[in-house]
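Note that the structure is predicted; figures quoted are calculated from it, not measured. Naming convention: chains lettered A, B, ... in sequence-line order (proteins, then strands); numbering from 1 in each chain.
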Number of protein chains: 2
Amino acid sequence: MGTTARDIARHVGLSVTTVSRALNDHSDVAPATKAKIRAVANQLNYHPNAAARTLKINRANALGLDIPLGLHRSYDTIWLEFIGGMAASCARHGVDLLLSATDDTERTPASFERLVRGRRVDGVVVCDIRSDDSRVNWLLESDIPFVAFGRTVGQDDYCYVDVDGAAGAQEAVQYLIRLGHTRIAYLGLDATFGFSHFRRAGYHEALHSIRAHDPELEFEGLTEETAPAVARSVLSCPNRPTAVLASADFLALAVIRAAREAGLSVPTDLSVIVFDDNPSVQREDPPLTAVSQPNRRLGEEAGELLLDRLNRPEQGPGHRLIAPSLIIRSSTGPRPRNMESEGTTATVA
Amino acid sequence: MGTTARDIARHVGLSVTTVSRALNDHSDVAPATKAKIRAVANQLNYHPNAAARTLKINRANALGLDIPLGLHRSYDTIWLEFIGGMAASCARHGVDLLLSATDDTERTPASFERLVRGRRVDGVVVCDIRSDDSRVNWLLESDIPFVAFGRTVGQDDYCYVDVDGAAGAQEAVQYLIRLGHTRIAYLGLDATFGFSHFRRAGYHEALHSIRAHDPELEFEGLTEETAPAVARSVLSCPNRPTAVLASADFLALAVIRAAREAGLSVPTDLSVIVFDDNPSVQREDPPLTAVSQPNRRLGEEAGELLLDRLNRPEQGPGHRLIAPSLIIRSSTGPRPRNMESEGTTATVA
DNA sequence: TGAAAGTACCGAAACGTTTCGGCTGCACCG
DNA sequence: CGGTGCAGCCGAAACGTTTCGGTACTTTCA
């Protein structure tokens, strides 16, 4: 069916060996011969059999990517962007990208084993690492080359890329502080998400630096169902916050709804910053100030890091932490005047 | 490194041949031997080398998927869902899924050639087919087994899956008609999108059946930039529509904004139905009635169809058209009373 | 009881590539 | 001029699997 190296060899009257060496740009083939072989290969529409190559050199020239689908009810743009980034870095290095979408909640990485041991891929990128994720140890024990997207907390003897959530939260809060806010609430998701820990840490850090941390304004473990009620209660308390940092788009929307109900306007009476920039955040009224994760970039880095470690395994674990950027839109403004009775001595940076 | 069939053979004192036949469940191996071989394979954590297998049987047991990334500014949930569906059908049949994400606008399918000719995959699913897409003919000429997601118009000598956009539009319009509406506007995207043609056709069909088609209410080629202005002008004309069918979430949002500006409330003064159900549509205020595309299902069907055609090439092209479903939410209601001066004699079905 | 049929296994070749070692000529050197 | 080195090419083995054809032994049955 397909053209093989032998066909080319016959065609130019040389050996298969020389054809192979020519196409792989080895040294001891005469330049003229090389050119001729390349031309014929082109003409015959030759594409090397990947299986034979893999079998021989024991390298698949392919990477595996495990993305969680069906886990989140609201499909985030994050995964698509991440995939795009990783695909780009794979394309750049001429390796293929295999997808292993895990629907199931059990999240067993057994399929990795088949992919890696069966030499289908050389390594895998595993996503959505939780703060205490068993998959990391499993992968380490199985000696499967991998890069994680997301961190476990308190363990870093493996390769990962992650967004610097602490820096993002800190930057957001500092921006609010510069606007005069001191009562800044935090609405977070399930604490087992990898990012939760770090976002909260950044939030703490920034508030502690002006000694304005109030545990009463901190909420975690919120869901799409519980968010509206919590948002309402936060805004209705007598000493309500003047700003909110929300860890997901739907949390921010819940806050905005609640504010509207309470007759508060954004950003005049309440500033809102949301984690993760996506279309629904951008199109909200008003468009939201957001901590934007460079998802595509993260995908690229994950691919690059994995390829790097495959080529030089002696390097040991390496991490790439990418700082998110604060995109200032119209949901943030100065602290409202009438709330200035606040006791805290905020120093406007 | 990895365990091979030879290792197992040595371990049980049999030949490689028998090991292979046992693991592939061939007939002439004694049941007891089979069990023993399986047990040892398990114990040695054996995973067959995919490359060797592919090389020998000339089948990759893998499918390629080409998804367009970076084309749409607003990442739709559609692609992620589609990927998930295709991944599921691949998993079900024990074949792997290779991703070939095309960022570039040129959309050259040259990489397919490498994948298919190099026996990396057995066939490909190619997405986002436009109404007149050159890739279809290229694939046909190159004799690459493929299934398209989306149709060209006026050509169907190839395999495709698609959503029945005409049926979706028709159902939506008929629902509006049942609510008493007769002046129903259509806001569409770029006509070269595959779905545009069919959605419009369904819209026409439904309106013609009650002789209420007014070309003045039909707009195509809208973009995120032009949508707000068009929406305003549509709603400000003296004989304005009482309902709108929007072909994308941002078109619907533009209409709702414009309505709000004009002092019209949804659904009391204006009904809105949107194509494609996604989080931003669901969370809109009010939540929108939507034509929901079964994207995951489409991905599954695409995978199944491709595998089916690979197994039985003699079948020739086959199509799978999946009807979308109308999800009724709060953005649609009866025709407003004060608009009943309308001349059309609408028969409420 | 001898042939035929069936069962359970095996040897070896093949898939298409890469690569090791070796082979030819030719140029260059003392 | 004999030897050395090098440029350019090649044969053959190997990667791990599947499968064709065959063999040895057992059972069946005329």
Side-chain angles (χ1 to χ4, degrees), chain A residues 1-38 40-41 44-62 94 96 114-122, chain B residues 1-38 40-41 44-62 94 96 114-122:
Chain A
M1 210 91 326
T3 347
T4 76
R6 194 200 311 276
D7 297 329
I8 301 180
R10 259 196 291 265
H11 213 267
V12 295
L14 291 171
S15 77
V16 183
T17 301
T18 306
V19 169
S20 172
R21 297 183 62 81
L23 293 175
N24 291 346
D25 207 19
H26 283 225
S27 57
D28 64 351
V29 179
T33 317
K34 251 184 209 176
K36 169 131 205 185
I37 288 177
R38 295 238 178 86
V40 172
L44 295 186
N45 196 21
Y46 170 74
H47 294 268
N49 184 311
R53 176 166 234 268
T54 294
L55 178 58
K56 181 59 191 168
I57 69 179
N58 205 27
R59 200 152 37 83
N61 272 317
D96 290 320
R114 188 181 59 83
L115 292 178
V116 175
R117 304 261 179 262
R119 278 274 168 274
R120 265 242 129 116
V121 302
D122 300 314
Chain B
M1 212 91 326
T3 3
T4 76
R6 194 199 310 277
D7 297 328
I8 301 180
R10 259 196 291 266
H11 214 268
V12 295
L14 291 170
S15 77
V16 184
T17 301
T18 307
V19 169
S20 172
R21 299 181 61 81
L23 293 175
N24 291 347
D25 207 20
H26 282 224
S27 57
D28 65 349
V29 179
T33 318
K34 249 183 209 177
K36 168 132 203 182
I37 288 177
R38 294 239 178 85
V40 171
L44 295 186
N45 196 20
Y46 169 75
H47 294 267
N49 184 311
R53 178 164 233 267
T54 295
L55 178 60
K56 181 59 191 165
I57 70 179
N58 206 28
R59 200 153 36 83
N61 271 317
D96 290 320
R114 188 181 60 83
L115 291 178
V116 174
R117 304 258 179 265
R119 278 272 169 275
R120 265 243 129 116
V121 302
D122 300 313

Can a side chain N or O of A:Arg53 be found less than 4.0 Å away from OP1 or OP2 on C:dG16?
-> no

Using only side-chain N and O atoms of A:Tyr46, determine if any of them is under 4.0 Å from OP1 or OP2 of C:dT17.
-> yes

Atom pair distance, as rounded to whole Å: [atom1] in [X] and [atom2] in [N]:
X: A:Ile57; N: D:dA13; atom1: CD1; atom2: C1'; answer: 17 Å
X: B:Ile8; N: D:dG16; atom1: CD1; atom2: P; answer: 13 Å
X: A:Arg21; N: C:dT18; atom1: CZ; atom2: C1'; answer: 9 Å
X: A:Asn61; N: C:dT18; atom1: CG; atom2: P; answer: 11 Å
X: A:Arg119; N: D:dA14; atom1: CZ; atom2: P; answer: 20 Å
X: A:Leu23; N: C:dT19; atom1: CG; atom2: C1'; answer: 15 Å
X: A:His26; N: C:dG21; atom1: NE2; atom2: C1'; answer: 15 Å
X: A:His47; N: C:dC15; atom1: NE2; atom2: P; answer: 21 Å

Is any side-chain N of the basic residue among A:Asp96 and A:Arg120 closer than 4.0 Å to the acidic one's carboxylate O? no

Reckon [X] touches a base, only the sugar-phosphate, or nothing at all at heavy-atom distances under 4.0 Å?
X: A:Asn49; answer: sugar-phosphate
X: B:Thr4; answer: sugar-phosphate
X: B:Thr33; answer: sugar-phosphate

All heavy atoms of A:Leu23 vs all of A:Ile8, minimum pair found to be CD1-CD1, 4.4 Å

Scanning both residues in full, the closest heavy-atom pair of A:Thr3 with A:Tyr46 reads O-CD1, 3.3 Å

Discussion item. Checking the side chain of A:Asp122 only, and the main-chain atoms of A:Arg59 only, is there a donor and an acceptor separated by less than 3.5 Å?
Written reply: no

Q.
If we ignore hydrogens and angles and just use 3.5 Å, is the side chain of B:Thr54 paired with the main-chain N or O of A:Ala51 as donor and acceptor?
A. no

- Query: Hey, are the side chains of B:Arg53 and B:Asn61 touching, using non-hydrogen atoms and a 4.5 Å cut-off?
  - Reply: yes

Which nucleotide wins on minimum distance to the side chain of [X], given the candidates [options]?
X: B:Thr18; options: C:dC9, D:dC9, C:dT17; result: C:dC9
X: A:Ala5; options: D:dT18, C:dT18, C:dT17; result: C:dT17
X: B:Ser20; options: D:dT18, D:dG16, D:dG8; result: D:dT18
X: A:Lys56; options: C:dT18, D:dT18, D:dC9; result: C:dT18
X: A:Ala52; options: C:dT17, D:dT18, C:dC10; result: C:dT17

Mark yes or no for a side-chain to base donor-acceptor pair under 3.5 Å between [X] and [N], with no hydrogen or angle criteria applied.
X: B:Ser15; N: C:dG11; answer: no
X: B:Thr17; N: D:dT18; answer: no
X: A:Asp28; N: D:dC9; answer: yes

